[in-house]
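To find a chain, count down the sequence lines: A is the first, B the second, and so on, and within it residues start at 1.
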2 protein chains.
Amino acid sequence: MPSDTPLTPQSLDASFSLPPGRVLDICVRLQNAILAQRLKPGAKLSEDEVGEIFSSSRTVIRAALQALAHTGLVEIKKNRGAYVAKPTIINAHEVFEARTLIEPEVTRRAAKNITAEDLKKLTKHIEAEHLALASNDISKALALSGIFHIAIANIASHAVYSNIVQSLITQSSLIIALYAKRPDTACESHSHAALLEAFSKGDGEAAAAIMQSHLVDLHSGLNLRTLPVEQPSLAKALAGI
Amino acid sequence: MPSDTPLTPQSLDASFSLPPGRVLDICVRLQNAILAQRLKPGAKLSEDEVGEIFSSSRTVIRAALQALAHTGLVEIKKNRGAYVAKPTIINAHEVFEARTLIEPEVTRRAAKNITAEDLKKLTKHIEAEHLALASNDISKALALSGIFHIAIANIASHAVYSNIVQSLITQSSLIIALYAKRPDTACESHSHAALLEAFSKGDGEAAAAIMQSHLVDLHSGLNLRTLPVEQPSLAKALAGI
DNA sequence: CAAGCAAAAATTGTATACAATATGGCATTG
DNA sequence: CAATGCCATATTGTATACAATTTTTGCTTG
């Protein structure tokens, strides 16, 4: 069972220019719900409904939904409301192409800046990933895997890259949830461990190379030929099941 | 004198997930005002004031300001309101580093997709740039120069890159306005013409190389050692002037 | 019985009113 | 006279009420 809210407000606020106060809180909770697959792609996010759940007015909900729309987790259609984003195959390719271009460079920079303390934190993080995988908590492992990449971007001390990477990774989580051939393989923390070793040796080029092949692996581990299973409810009803 | 609104709503909406309807309109007008330097960095954007100018309620103004905050043109401080962003020197470096990484790749992709029609449009665009420069309309030339880069990103047919590039370029315009040693040199359309030639030859690698050196030139054309004239009030008071 | 239209319900877009927080000036006090 | 604390003012954060648009449903009509 998914233990709650792997992402903290701080982990976002660090590199994010988000609306202040309660809006941020709701952003985080919505984001966690989406990434944990409790809100499935395509699900409608009615302002009234969401507002009642979080016992807030539509005003703040709207702000949160717009913020999430900017990161690509939510799609807002004019006069038709907000929906959990359902990334297309093309979008999936684009996101991973962008990551493959940007994250190796970010990794190179992180290697220059990384401190002993950072290394310790990352080590603990990887342990947490193993734990989640061992207990078959896929959605948590997925979330932790994403946070690992975001942590590296933050170590790079480059706010612009951090913002870009954060947005790409949240989208990736959705994409992996939708398109991964075998979700558990997408969470493999082997590459993360290798990355850590390169970091500890201070070998930025090796780290960048590992990151690149890690992303290529993730990309090719997606099933981007057929559309994800969907629309079952209506079909089932008609089939008489 | 600046002829009005170089950016059209369409030119934004194409690659942007923005709030619908009137909010988008106000976003564009605010953005134009900021990029045209009619709103200077650090200027306060009071919701009431802006709302009265555009004769809209604070609700829609808030949405627009939040959207602009996401692109980095506006900074929102909790309980203190929105201000035109005043990019730091660090931020300036970061933005151009990111552009130097991303735009050459985008250019490479654009070279693969570019059509005869696209080439025609870009040619006309460069003519407009020359015209603006000839008539000493620096702010217009600057805006056009930005649009040129955005146009290339759109030709690349890569929505993710388009979004990133668009955000980086709007920030760049602010940065150039603040830090350019000689604003007119930042608008030089020579590189753009060279780019066009590479495109017409179908030479993607050459185009990418030109784009990269173009960006390096822009970056090194900035005066990023001294802060832009500001903060004088307190310093002067202490100095006794 | 199907198709098209019209009215009603629901949902989003916008405006306004109220509450909370920060700023600036003034008075009080040491 | 300077410094500090307090109150008035202004501005943002939030909630609610109204308008506009879309979607659904039921009716009429061919």
A:His219 and A:His93 aromatic centres sub-6.0 Å
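Between A:His93 and A:His219, which both carry aromatic rings, the centre distance is below 6.0 Å.
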Figure out the [atom1]/[atom2] separation between [X] and [N], and round it to whole Å.
X	N	atom1	atom2	result
B:Glu49	D:dA10	CD	C1'	13 Å
B:Ile76	D:dT11	CD1	P	17 Å
A:Ile61	C:dG13	CD1	P	14 Å
A:Ile26	D:dG13	CD1	P	15 Å
B:Leu24	C:dG13	CG	C1'	14 Å
A:Lys77	C:dT11	NZ	C1'	15 Å
B:Glu52	C:dA15	CD	P	13 Å
A:Asp48	D:dA15	CG	P	13 Å

Tell me which nucleotide among [options] gets nearest to the side chain of [X].
X	options	answer
B:Asn79	D:dA15, C:dG13, D:dG13	D:dG13
A:Glu47	D:dT12, D:dT16, C:dG13	C:dG13
A:Val60	D:dA15, C:dC18, D:dA17	D:dA15

Name the residue closer to the 5' end of DNA chain C, choosing between A:Leu45 and B:Ser56 according to the nucleotide with the nearest heavy atom.
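By nearest-heavy-atom nucleotide position, the 5'-most residue is A:Leu45.
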More than 12 foreign heavy atoms under 6.0 Å from NZ of A:Lys44: is that the case here?
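For A:Lys44, atom NZ is crowded (more than 12 foreign heavy atoms under 6.0 Å).
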OP1 or OP2 of [N] sitting under 4.0 Å from any side-chain N/O of [X]?
X	N	result
B:Lys44	D:dT12	yes
A:Arg22	D:dA15	yes
A:Arg62	C:dG13	yes
A:Thr59	D:dT14	no

Worked verdict on A:Glu97 versus B:Arg109 for salt bridge (charged side-chain N to carboxylate O under 4.0 Å, His left out)
CA-CA 12 Å; A:Glu97 283 163 4; B:Arg109 294 182 66 105; 3.0 Å; yes
Does A:Arg58 or B:Arg58 map to a spot on DNA chain D nearer the 5' end, using the closest nucleotide for each?
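This one resolves to B:Arg58.
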Any side-chain donor near an acceptor of the partner, B:His192 and B:His125, under 3.5 Å
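No donor-acceptor contact under 3.5 Å links the two side chains.
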Just by distance, no angles: are the side chains of A:Thr88 and A:Asn91 close enough, under 3.5 Å, to form a donor-acceptor pair?
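Note: A:Thr88 and A:Asn91 side chains miss the donor-acceptor criterion.
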Across the strands shown, which category fits A:Arg80 at heavy-atom distances under 4.0 angstrom: base, sugar-phosphate, nothing?
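Contact class for A:Arg80: sugar-phosphate only.
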